[in-house]
Structures are given as C-alpha cells and as structure tokens.
2 protein chains.
Amino acid sequence: MAKRLLSFANPVQSVNVSAVTSPLVWEHVQPAAARRLLTGAIDAFAERGFQATTTRDIASRAGMSPAALYVHYPSKERLLFEISLYGHQAALAVLQEAGDRPSPTERLRSMVSSFTAWHAEHHTIARVVQYELAALTPEHFAEVATIRRAISAQIEQVLADGVRDGSFTVEDLPGTTLAVLSLSIDVARWYTPHRTKPEALGSLYGDLALRMVQA
Amino acid sequence: MAKRLLSFANPVQSVNVSAVTSPLVWEHVQPAAARRLLTGAIDAFAERGFQATTTRDIASRAGMSPAALYVHYPSKERLLFEISLYGHQAALAVLQEAGDRPSPTERLRSMVSSFTAWHAEHHTIARVVQYELAALTPEHFAEVATIRRAISAQIEQVLADGVRDGSFTVEDLPGTTLAVLSLSIDVARWYTPHRTKPEALGSLYGDLALRMVQA
DNA sequence: GTCTATAGAGGGATAGAC
DNA sequence: GTCTATCCCTCTATAGAC
C-alpha cells in the first residue's frame, strides 16, 4: 500500500518542518545570531504556535542559551512581530509583482498562482502570518492589518476590473474576493512539501480562480 | 463613512464572541455544570486558542472556581477533545445529510452550501475543530483524524461521480477536493456574525464550487 | 555577545473542608 | 459538587560574571 499523502484527510498534528527555514532569504537580518533566532522562531511558531513555543525552544534551535535571545530581541512577541511584518510585506510584494499584466484574466491567474505558490513555498512563514495574529500587541497588529487591507484590495481590484470590461461574471464582489483569498491562504494550514510542488499548486489554483469568476 | 465590515482586509485580532455559544445545542451534556464548562471552553478556545486559555478562564465563564472543573473533566485537553470530537461528528453529519440528492450537481451545491453555512453558524466550534488539532494527544488526534478522512471522502466522491457522468470537468481530483474543502474551512478563520448570514454565504459558496468544477 | 543562575509571575492540577 | 488554599512546575525576562 502506497504511503498516504498528507492532506485535509490525513492531517499532520504538528507541521513537519523537515525542511528547516532557509537562512539564505534572511541575509538582511544581522548579525547571524539574530538571524538564527528568527529562523528558529519561524519553525517553532509554525510547528507549535506562538503560545506553545518557549523562549528556551527558540534559543536552543539557534544553539544558544535562553538569555542570549534578549540581546537581539526585547521579547518573544517582538520576534513574532518581525516575522509577521516581513511575511506580510513579502506576500504583498509577490501579489504586486504578479499583478503587472494588462488583461484582468491573465492578471488574476498570475496573482492567484503566485500568491498560492508563495503560501506553499513559504508555508512556515505563511502559517505565522495567517494564524498567529492574535498574539500580536494591538499596536503591532494594527501595523500588519494595514498590509492585509492592501492585499485584499489587490484582489478586489482585479475582480472589479474584470467585471467592468466584461471578462468576469461576479455577483458578489466582496464575497468572491474573500473566497479567492481563502483558497490561497488555507494552503498554509495543510501544505507539506511532500505533497505537491508549489508551482503546480499555484497553476491549479490560478485556473480554479478563473473558473470562479467565469472568465 | 459606513462602519467597515470585518473580513480578511479588516481582521479581528481576537474573535468577537459577542454571541456566546448557545447552551441549547448541548443538552445531551449533563449535568448543567459540565455543559457550562464545555460552552465556556468553546468560546475561550475560539477566542484565544487552547494554549492561551487558562483553566481559571474556563471556570470563571462557567461561574465556578478552577477546582470545580476537575470534577467534570480530568484535564483541559479532555475538554478540548470532547469539543473537537463532537464538532467533527456534527460537521460530517451536516455533509452526509446534504449529500442526499441524486444528481452530482445538486449534491455538490447542497454539500458545499451546508458545510459552509455550518462553519459560519458554528464558527466558534469550527475554529476549535479546524485550528486546535495540534493540542490534542496523539490518541485523541487519531480519533478525529478518522472523521476528517470521512469528510474529505464525501467531497472527493461527489466530484468523482460528477466527472464520471460528464457533469463536471476536473483535471486534478485530489487537488480540487482540497480546494473545495478550503473554501468552507477558511470561513472559520474570518467569519463574524455581523458580516453575512450563514445561509447567504453558503449559497454563494455553493455556486462558486459548481463553477470550480465547470458544472 | 554569550553564559549560568535566578527572580517573579502564573498555570495545571490536587487536598481537604463543607 | 463546589469551595479555598496551595503544591509544583514551567515560563519570560533579568542580573551579573566572563
């Protein structure tokens, strides 16, 4: 019997972060010790959630004592905020780059495809971005909420453009915007690297989004 | 300026459980004190997550001292398990009842519509069901995972039936199954009662699912 | 900038009275 | 079956040496 794929049907209880967050993407975080703490925190938060993660766990993933953490970050919450802020910014940037197409049809396909692939490729960061908002301070939350509004506006705009030029048939614009976003966002909940390649998933979801607007 | 609706764009940091979980649905939980603890725990877990919820919080929502909790439940995790198990059973039952239609097209519409409306109507329980799996013991997790496989199988089956009789055009059956499930499940993440009625949301999502399979 | 040691607070669960 | 009191543990964060 073939090994069953992980999915909604066969969920993992704690996310398998066998592919530990690559430090290469985070070269702008200096010094290296701060970067090791950050990537360790991403993996830990994605695996267990913010509340269940201890500073000891983060520090030990970075090969340090718990106290060393506080040289680089003033609190556990601050570590979460820096991950969440950077993650939100990266997700918005992906959407904006993909939105550089003339026709609404190709623009929507490209945006959903890239946004979905990003959630799969960076599923650890994406989990923190999408599911750990409640652990942020009100001030930090307000800051990422601004970026979330910009992300939502990107999708709503391309749908509105498509409706206006007759490419799309959409009866409920805000509702359909949320549904399209849900498709990509929920990937962060269930995705594991062993299932599908991010690009293939993005391609499928791009097609599905076009069907949803009857392109 | 109109009050902005809550959504992905305007997320709430902690879920507004202004409509506290109705005790009416839980009459089978006896005695009443056990039921008050259970509904209090649902609200607390949905609002803050399992890890951030204290037994003192649950007990005080039920109007009791922390110690009284242990007369009715042996641990905080056991409370989570009973909520999660009942919630999974209820979600599966909704799907099965809605699947009582001859044609794949009407069956898929009905299933997605009901499953979505359930996630909206019971968004507090649904949040616990969908987002607190990691806090279950391995044994308890295995038990709810069985139900999750049955839920997934229900959707996959109706899609397969529609493909076979020519009603649907689906290129990637497991991928599309996951996408359809994602649509409904993600509702538990963002839904608040002030936005849309569960039935209206279900109706929209039923239509969107049919478009996704090109019915 | 990293360590060991620990302060200070809070949480899960239990003891024992009523 | 509920209470008050509390044990015992773990956690975040700090102190101070090197």
Side-chain angles (χ1 to χ4, degrees), chain A residues 14 23 26-84 128 132 134-140, chain B residues 14 23 26-84 128 132 134-140:
Chain A
S14 61
W26 299 94
E27 276 180 352
H28 63 282
V29 180
Q30 292 291 347
R35 188 165 62 246
R36 290 205 312 276
L37 287 164
L38 197 96
T39 56
I42 291 170
D43 292 337
F45 293 161
E47 213 174 301
R48 316 186 197 285
F50 176 82
Q51 301 284 355
T53 298
T54 67
T55 52
R56 285 169 174 79
D57 182 10
I58 296 167
S60 82
R61 284 175 196 251
M64 296 177 202
S65 74
L69 189 152
Y70 294 90
V71 174
H72 302 284
Y73 301 94
S75 68
K76 190 174 82 156
E77 190 275 340
R78 178 77 200 200
L79 209 33
L80 172 66
F81 172 58
E82 300 212 354
I83 293 163
S84 189
V128 180
E132 302 298 335
L136 293 167
T137 64
E139 293 74 22
H140 288 161
Chain B
S14 62
W26 299 94
E27 274 179 352
H28 63 282
V29 180
Q30 292 291 348
R35 188 165 63 246
R36 291 204 313 276
L37 287 164
L38 197 95
T39 56
I42 291 169
D43 292 337
F45 293 161
E47 213 174 300
R48 317 184 197 287
F50 176 82
Q51 302 285 354
T53 298
T54 67
T55 53
R56 286 164 175 80
D57 181 10
I58 295 167
S60 82
R61 284 176 196 251
M64 296 177 200
S65 74
L69 188 153
Y70 294 89
V71 174
H72 302 284
Y73 301 94
S75 67
K76 188 173 83 156
E77 191 275 340
R78 180 75 201 202
L79 209 33
L80 172 66
F81 172 60
E82 299 212 355
I83 293 162
S84 189
V128 179
E132 301 298 336
L136 294 167
T137 65
E139 293 73 23
H140 289 162

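Note that the structure is predicted; figures quoted are calculated from it, not measured. Numbered from 1 within each chain, the chains take letters A, B, ... in sequence-line order.
- A heavy atom closer than 4.0 Å to some atom of DNA chain C occurs in B:Ala67, B:Tyr70, B:Ser75, these being the qualifying members of residues 63-75 of chain B.
- Within the 4.5 Å cutoff, side-chain heavy atoms of B:Arg48 are placed close to those of B:Asp57.
- When DNA chain C is scanned in the 5' to 3' direction for atoms under 4.0 Å from non-hydrogen atoms of chain B, the outermost contacting nucleotides are C:dG11 to C:dA15.
- When rounded to the nearest whole Å, the span between CD of B:Gln51 and C1' of D:dC11 equals 13 Å.
- Within the 4.5 Å cutoff, the side chain of B:Phe50 has no heavy atoms near those of the A:Gln51 side chain.
- Proximity of a side-chain donor or acceptor of A:Ser84 to a complementary backbone N or O of A:Leu80 within less than 3.5 Å is not detected.
- One N or O on the side chain of B:Thr53 and one on the backbone of B:Ala44 form a donor-acceptor pair closer than 3.5 Å.
- Considering all non-hydrogen atoms of both residues, A:Glu82 and A:Leu38 come closest at CB-CD1, 4.3 Å.
- Counting heavy atoms from C-beta outward, A:Arg36 and A:Met64 have side chains that approach closer than 4.5 Å.
- Contact check for B:Leu69 versus B:Leu79: side-chain heavy atoms found under the 4.5 Å cut-off.
- Among residues at least two apart or in separate chains, ring-ring contact (aromatic ring centres under 6.0 Å, His included) pairs with a member in residues 58-84 of chain B are B:Phe81-B:His140.
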